[in-house]
Structures are given as structure tokens and as C-alpha cells.
Visitor: 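Provided herewith is a single structure, encoded as C-alpha cells, for subsequent inquiry.
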Amino acid sequence: MDTPSAVSVLVNRVSCALLREPAPEGEQRELIQRAALRAADHRQLRPWRFLTVENEALLQLGEIFVQARLQDNPELSAEEEARTRGLPSRAPLVIVAIASCVEDPKVPEWEQLLSAGAAVQNMLNACYALGFGAIWRTGDLASHAVVRQGLGLTANESLVGFLYVGTPRVVPRAAPVLAVEDFFRPWPESS
């Protein structure tokens, strides 16, 4: 498989929600992981860590999700419980991205959170470049105390998302072409 150019990846990458086996393994997985570690990182604080969830662990993560939903709604329907339990199994690999912020006089917490987000974006781009599909999911479960506890997050950590990774079940849609002038303006604007 020919690897697309870096710029091509950056302008054509799209999220892919319909995923199946196989997930990246071996060298391909390591490349995706190495891409995360090249995120913008002021003062090299490395304010992130990642959990890889696959196989039976996907079912365990689903149980944590169910416990979170039941805490919020003890009357959760059987259908909603089954749907929630199956959320992690929508992909063969889920990478849990965690911002591990530290006290630093020059790097505020918000910048460290952005660094963790950049790490996830790098993994999305690497997945696309290697022919895999991926989607970054958050939602209320990402900040739920039961999920945080079940995944072992500490007080200084934030769950920035679940990166679902696998092989696309369908050809990914084309990236929309946006008008750059709608988002970029010279400053100061000429009068």
C-alpha cells in the first residue's frame, strides 16, 4: 500500500465510525503510537498517557459504561443497558487518551489539555495514513466519575477521549472542501 503524503493526509482525513477487524498491529500500531508522542508539547512535559483496550477488555469497558449509566439512572431500560454495554465493541481497538496535567509555571493546564488533544489528532492522522479508520469519541461518559475511577484516572487527569480504531467497513466519505476565506482573515483588516 502506498502511504499518502503528509499534506494529503492532513487535508483529506475524515472520521470513520463503521469499523471492523483488524486493528493495527505490530509496526503499524507502533507508528500510530509514535505519532501521538510527537504532539506539540511545550517544555516536553509529556502531559498524556494512553490505555489500549481490545478483546475481552472491550467488554470490561462496556461494563464500566453500564455502571456509570445505572448510577445516573437506576431505571435504565434493558435495551439502553445493552446498547451502552456494546459501545466499546464498535471497534476492535479503543485507545483511551488521558491528559496528565502537571504544575508548571510556564505551561498552564489548558495548554497541556491541548497537547493531549494534539496527540489524539496525530493518531487520527496516522491511522488514516496507514489505511485504518478511526473516530474520536467523547460524550458524558468521558467525564463520568465512575468511568474515571474504573480506568484509574487520578485527580490531575482528564479523559480527553476514546479513539476507536479499526478497518473501515465502508469506503470513507470524501473530506468536505471548506472555503478557507471563511475562517482566515488578515489582521489588521485593511480599511
Side-chain angles (χ1 to χ4, degrees), residues 1-4 6 8-10 12-39 41 46-69 81-100 113-144 146-154 157-173 175:
M1 173 182 101
D2 290 334
T3 303
S8 175
V9 168
L10 294 174
N12 291 304
R13 187 212 62 82
V14 292
S15 294
C16 183
L18 299 173
L19 302 166
R20 61 174 174 79
E21 293 279 354
E25 296 177 345
E27 183 180 353
Q28 290 177 317
R29 184 174 296 194
E30 184 175 336
L31 287 170
I32 292 164
Q33 293 168 337
R34 286 189 176 282
L37 304 181
R38 295 306 313 139
D41 178 16
R46 315 289 195 268
W48 11 254
R49 67 183 182 96
F50 309 94
L51 306 174
T52 56
V53 184
E54 54 193 325
N55 304 318
E56 295 299 314
L58 293 168
L59 303 175
Q60 293 173 334
L61 182 57
E63 290 303 323
I64 291 171
F65 286 178
V66 168
Q67 292 309 309
R69 290 277 189 250
E81 187 175 321
R83 188 193 75 75
T84 300
R85 184 174 285 110
L87 290 176
S89 297
R90 294 179 290 182
L93 171 65
V94 175
I95 301 172
V96 181
I98 300 165
S100 297
L113 288 168
L114 289 174
S115 180
V120 175
Q121 185 66 42
N122 280 1
M123 287 189 287
L124 282 167
N125 288 332
C127 286
Y128 180 83
L130 294 169
F132 291 97
I135 187 167
W136 183 352
R137 296 185 184 275
T138 55
D140 60 333
L141 290 169
S143 59
H144 200 287
V146 169
V147 175
R148 290 177 47 82
Q149 180 182 7
L151 292 172
L153 273 69
T154 61
E157 294 182 321
S158 300
L159 201 157
V160 296
F162 302 97
L163 185 62
Y164 286 65
V165 181
T167 299
R169 278 197 254 160
V170 297
V171 175
R173 64 181 170 81

Visitor: Nearest 0.5 Å please: distance from the CD atom of Q60 over to the CG atom of N55.
Guide: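 Reported to 0.5 Å precision, the distance equals 10.5 Å.
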
Visitor: Please name all residues satisfying side-chain hydrogen bond (donor to acceptor under 3.5 Å, both in side chains) with R20, sequence neighbours left out, ordered by chain then number.
Guide: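 In terms of side-chain hydrogen bond (donor to acceptor under 3.5 Å, both in side chains), with neighbours along the sequence ignored, R20 is linked to no residue.
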
Visitor: Nearest 0.5 Å please: distance from the CZ atom of R148 over to the CD1 atom of I98.
Guide: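 With rounding to 0.5 Å, CZ (R148) is 9.0 Å from CD1 (I98).
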
Visitor: Which salt bridge (charged side-chain N to carboxylate O under 4.0 Å, His left out) pairs, counting each pair once, include a residue from residues 119-142, with sequence neighbours left out?
Guide: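 Salt bridge (charged side-chain N to carboxylate O under 4.0 Å, His left out) check on residues 119-142 returns R69-D140.
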
Visitor: Does the side chain of P24 reach to within under 4.5 Å of the side chain of L130, using non-hydrogen atoms?
Guide: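 P24 does not reach L130 side chain to side chain.
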
Visitor: Please determine whether the number of non-hydrogen atoms from other residues, nucleotides or ligands lying under 6.0 Å from atom CD of Q149 exceeds 12.
Guide: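 It does not: Q149 CD has 12 such atoms or fewer within range.
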
Visitor: Just to verify, what does S8 make a side chain to side chain contact (heavy atoms under 4.5 Å, CB included) with, not counting sequence neighbours?
Guide: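 Here the qualifying residues are P4, S5, N12.
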
Visitor: If you look at every heavy atom in S115 and A39, which pair is closest and at what distance?
Guide: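 Scanning both residues, the minimum pair turns out to be O-CB, 3.7 Å.
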
Visitor: What are the two closest heavy atoms between I95 and V165, and how far apart are they?
Guide: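 For I95 versus V165, the nearest heavy atoms are CD1-CG2, 4.3 Å.
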
Visitor: Could you check whether any side-chain heavy atom of W136 comes within less than 4.5 Å of a side-chain heavy atom of Q121, counting everything from C-beta outward?
Guide: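 Side chain of W136 against side chain of Q121, heavy atoms only: contact under 4.5 Å found.
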
Visitor: Locate the shortest heavy-atom distance separating A68 from L141; write the atom from each residue and the value.
Guide: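 Looking at all heavy atoms of both residues, the closest pair is CB-CD2, 3.8 Å.
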
Visitor: Only counting residues at least two apart or in another chain, list the ones meeting side chain to side chain contact (heavy atoms under 4.5 Å, CB included) with L151.
Guide: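 Residues passing side chain to side chain contact (heavy atoms under 4.5 Å, CB included) with L151: L51, L61, V96, V147, L153, L159, F162.
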
Visitor: Excluding sequence neighbours, so at least two apart, what forms side-chain hydrogen bond (donor to acceptor under 3.5 Å, both in side chains) with D41?
Guide: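 side-chain hydrogen bond (donor to acceptor under 3.5 Å, both in side chains) list for D41, sorted by chain: R46.
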
Visitor: Less than 3.5 Å apart, which donor and acceptor atoms pair up between the side chains of residues 30-38 and the rest of the protein, not counting sequence neighbours?
Guide:
{"from": "E30", "atom 1": "OE2", "to": "R34", "atom 2": "NE", "distance (Å)": "2.9"}
{"from": "E30", "atom 1": "OE2", "to": "R34", "atom 2": "NH2", "distance (Å)": "3.1"}

Visitor: If I compare all heavy atoms of A134 with all of L124, which pair ends up nearest, and what's the gap?
Guide: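 Result for this residue pair: CB-CD2, 3.7 Å.
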
Visitor: For the CD atom on E27, are there more than 12 heavy atoms of other groups (residues, nucleotides or ligands in this structure) within a distance under 6.0 Å?
Guide: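 Counting other residues, nucleotides and ligands, CD of E27 stays at 12 neighbours or fewer.
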
Visitor: Which atom pair, heavy atoms only, marks the closest approach of A97 to F50?
Guide: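 Taking A97 first and F50 second, the nearest heavy atoms are CA-CD2, 3.8 Å.
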
Visitor: What's the shortest heavy-atom distance between F132 and P22, and which atoms?
Guide: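 Of all heavy-atom pairs spanning F132 and P22, the closest is CE2-O, 3.7 Å.
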
Visitor: Mind jotting down which residue pairs meet the salt bridge (charged side-chain N to carboxylate O under 4.0 Å, His left out) criterion with at least one end in residues 51-62? Sequence neighbours excluded, please.
Guide: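 Of all non-adjacent pairs touching residues 51-62, those that pass salt bridge (charged side-chain N to carboxylate O under 4.0 Å, His left out) are R29-E54.
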
Visitor: State which residues pass side-chain hydrogen bond (donor to acceptor under 3.5 Å, both in side chains) with S100; sequence neighbours excluded, sorted by chain then number.
Guide: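 S100: side-chain hydrogen bond (donor to acceptor under 3.5 Å, both in side chains) contacts with E157.
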
Visitor: Please tell me if the side chains of R13 and L10 come closer than 4.5 Å, counting only heavy atoms from C-beta onward.
Guide: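 A side-chain contact under 4.5 Å is absent here.
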
Visitor: V170: what forms a side chain to side chain contact (heavy atoms under 4.5 Å, CB included) with it, not counting sequence neighbours?
Guide: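 If we apply the side chain to side chain contact (heavy atoms under 4.5 Å, CB included) test to V170, skipping adjacent residues, the hits are L18.
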
Visitor: For E81, which residues count as a side-chain hydrogen bond (donor to acceptor under 3.5 Å, both in side chains) partner, sequence neighbours excluded?
Guide: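 For E81, the residues satisfying side-chain hydrogen bond (donor to acceptor under 3.5 Å, both in side chains) (neighbours in sequence not counted) are R85.
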
Visitor: Who pairs with A91 by side chain to side chain contact (heavy atoms under 4.5 Å, CB included), at least two apart in sequence or on another chain?
Guide: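 If we apply the side chain to side chain contact (heavy atoms under 4.5 Å, CB included) test to A91, skipping adjacent residues, the hits are L19, Y164.
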
